[in-house]
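Below: one structure, written as structure tokens.
Whatever order the structure lists them in is the order used to number ligands and atoms, beginning at 1. What you are looking at is a predicted structure, and each value in this text was computed from that prediction instead of being measured.
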Amino acid sequence: MSRLFLGLDSSTQSLSAVVIDYDSRKVVYNDSLNFDEALPHYNTRNGVLPNANPLIKHSPPLMWAEALDLVFAHMKKNGVALGKILAISGSGQQHGSVYLKANAAEVFSRLDPKTNLVKNLAGVFSRPTAPIWMDSSTSKECAEIRRALGGVKAAAELTGSDIFERFSGPQIRKFHKTEPARYQKTASIALVSSFMASLLAGKIAPIDHCDGSGMNLMDIRKKNWDAKAIKATAPGLKQKLPPLAAPWAVVGPVSSYFVKKYGLNPEAQTLVWSGDNPCSVIGLGLIDEHTAAISLGTSDTYFGSMSRCCVDTRGEGHVFSSPTGDYMTLICFKNGSLARERVRDEHHLDWNRFNRAITSTSPGNGGAIMLPWFEAEIVPRVNTPGIHRIDLDATDIAANCRAVVEAQMMSMRLHSQWMKAAPKRIRATGGASDNVAILQIMADVTGCPVCRVEVAKSAALGAALRAAHGWLKKSGAAADWKRVIAGFTEPVSAKEIKPNAKAHRVYDRLVEKYAKCERDNLPSRA
Ligand code: ADP
Ligand code: XUL
């Protein structure tokens with residue numbers, strides 16, 4: 001038997017596809033399309049449209065649709081047995097919102113395979129661009145919603161998170177306030193995940209509980225849209241939200257557009273899509289609470305499973321619903337890969353030389369600290385970008401390379417303490433997880449062994465595994481998560497990076513200094 005499942009990942013910078021053979025427990029196809037390179041006519045940089053206001057970060061949803069056509073065309077050209085795929089699911093960068101006119105449902109249901117998705121979608125968007133997770137232009141709206149819900153603690157208790165700039169609720173509120181006519185014309189609001197699922201299924205897809213947790217609109221425990229949060233966000237919003245669904249829900253058979261154009265099986269099922277972090281929980285096999293994951297993508301995220309819902313009442317971290325039906329924790333640091341790249345590029349290095357610079361210095365960097373807030377930071381919350389150097393000479397190339405990575409890892413250690421469950425091991429993923437110098441600092445700061453997983457594309461793999469799980473469940477077969485992920489998510493143990501005890505002791509002290517530097521340089525909280 002050779003049952004194939006497809007997982008797609010519509011991330012900030014790329015669209016990836018992973019096909020798994022469930023029976024031989026193998027990834028049989030793995031491909032990625034970079035938006036800037038493959039679709040230069042959208043003029044994005046790192047997948048985002050340039051904007052004079054550094055707080056505004058939007059992307060064109062049409063670009064994601066065009067990428068979907070290209071990825072399917074690649075798969076067909078590369079001989080992927082598309083007709084044998086039983087189910088498809090996907091992962092989307094979280095929080096990004098897509099605004100659709102009343103004709104969207106009709107257009108999705110009649111996608112014409114003789115042309116392409118871009119032409120088919122002409123006239124469906126009530127807003128041509130989608131604010132994405134990197135956007136931090138909604139502080140005012142956050143304050144308004146937070147006040148209406150009764151403050152940080154109340155907002156976190158209700159929705160799983162304090163009200164955050166990038167979350168869809170405040171973004172929707174800003175749209176309603178600044179562009180009321182377009183808001184009025186919006187019949188349906190999708191997340192990146194549900195928008196992509198809608199194209200695949202040829203109908204408006206629901207939002208799954210996991211990605212719905214990133215909106216500040218869902219009751220995290222009851223898993224339904226919360227009337228108070230909706231009222232605090234925008235008028236008439238209830239009618240514009242699609243239904244919520246369990247993360248294993250079937251949206252429907254794949255649209256005939258993909259059947260006719262690319263040869264998919266008309267009986268292949270589209271599973272509801274989810275957020276990239278929830279999908280990575282599965283793709284990294286984070287079924288137990290002692291294993292945390294750190295994803296070094298455009299952003300750096302720290303996450304893991306949680307069996308009981310316990311929110312961060314200080315409002316820095318998030319609790320989301322998990323694809324297993326339990327909960328997951330997540331902390332998102334915006335200055336991830338892009339901050340490391342900024343330091344690398346400032347000194348005209350490539351990654352090899354960046355790493356040599358790191359290894360030429362000692363753990364602790366002689367007490368030098370950087371606060372690498374190149375962009376407005378999410379954790380800790382910093383709305384005015386700025387680089388702070390404490391006991392660090394800006395011209396010392398090696399010390400600056402080490403300082404940016406040490407700061408990121410110490411910040412993760414510091415801001416994950418609310419979970420009250422220090423991890424015993426860490427799994428690393430994302431574009432920068434190939435970098436051993438970075439992972440050694442991660443191991444030394446946290447004191448945990450760090451493993452990389454075989455497939456760097458954990459979100460796409462997680463989506464493929466979710467497709468398998470949902471399909472098995474629908475077929476009435478056993479869909480136990482341990483069995484579903486077995487053989488796919490084991491780390492590459494030979495490449496485990498062990499913490500150095502001496503270096504760890506250095507960081508035990510340095511993290512105190514780092515925490516003080518943060519406190520001294522943080523703006524007072526609004
Ligand atoms: P996303 O999923 O957010 O689009 P990825 O997980 O694909 O991002 O990661 C992309 C990032 O990975 C790039 O911005 C790049 O800086 C980083 N990266 C790639 N290779 C390396 C490396 N060898 N060392 C450090 N960072 C790297
Ligand atoms: C999570 C977050 C990012 C995005 C993009 O809250 O904002 O991790 O999901 O990867």
Inset, instruction - With heavy atoms only and a cut-off of under 4.0 Å, state how Ser11 meets ligand 1: side chain, backbone, both or neither. - result: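 Side chain only; the backbone of Ser11 stays clear of ligand 1.
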Inset, instruction - Could you see which bit of Glu341 sits under 4.0 Å from ligand 1, with heavy atoms only: side chain, backbone, both or neither? - result: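 For Glu341, the contact with ligand 1 is made by the side chain alone.
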Legend entry - Salt-bridge contact Glu157-Arg221 (side-chain N to carboxylate O under 4.0 Å): yes
Inset, instruction - Find out whether the Lys NZ or Arg CZ of Lys223 is both under 6.0 angstrom from the six-membered ring centre of Tyr327 and within 45° of the ring's axis. - result: yes
Legend entry - Heavy-atom gap Gly214 to ligand 2 smaller than 4.0 Å: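 Contact check Gly214 vs ligand 2: negative.
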Can an N or O of [X] be found at a distance shorter than 3.5 Å from an N or O of ligand 2?
X: His95; result: yes
X: Asp276; result: yes
X: His318; result: no

Inset, instruction - Just jot down the salt bridge (charged side-chain N to carboxylate O under 4.0 Å, His left out) partners of Asp300, sequence neighbours excluded, or say none. - result: Arg340
Inset, instruction - With the side chain counted from C-beta on, respond yes when Glu144 and Lys140 share a heavy-atom pair under 4.5 Å apart, and no when they do not. - result: yes
Legend entry - Arg340 heavy atom under 4.0 Å from ligand 1: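 Outside the 4.0 Å threshold, so no.
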Inset, instruction - For Met134 and ligand 1, answer yes if some heavy atom of the residue is under 4.0 Å from a ligand atom, otherwise no. - result: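 Under 4.0 Å: no for Met134.
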Legend entry - Aromatic contact, Phe175 with Tyr99 (centres under 6.0 Å):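 Ring-ring flag for Phe175/Tyr99: true, centres closer than 6.0 Å.
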Legend entry - Phe164 and His95 aromatic centres sub-6.0 Å: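 Ring centres of His95 and Phe164 not closer than 6.0 Å.
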Legend entry - ligand 2 versus Asn277: contacting region, heavy-atom distance under 4.0 Å: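 Near ligand 2, Asn277 shows its side chain, while the N, CA, C and O stay back.
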Inset, instruction - Classify the contact between Ile378 and ligand 2 as side chain, backbone, both or neither, using a heavy-atom distance cut-off of under 4.0 Å. - result: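 Neither part.
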Inset, instruction - Decide whether an N or O pair under 3.5 Å exists between Asp9 and ligand 1. - result: no
Legend entry - Polar atom proximity, Ser14 to ligand 1 (N or O, under 3.5 Å): no
Inset, instruction - Please work out which of the three classes, parallel, tilted or perpendicular, describes the rings of His318 and Phe320, given edges at 30° and 60°. - result: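 Parallel.
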Inset, instruction - Over 60° means perpendicular and under 30° means parallel, so classify the ring planes of Trp248 and His469, tilted if in between. - result: perpendicular
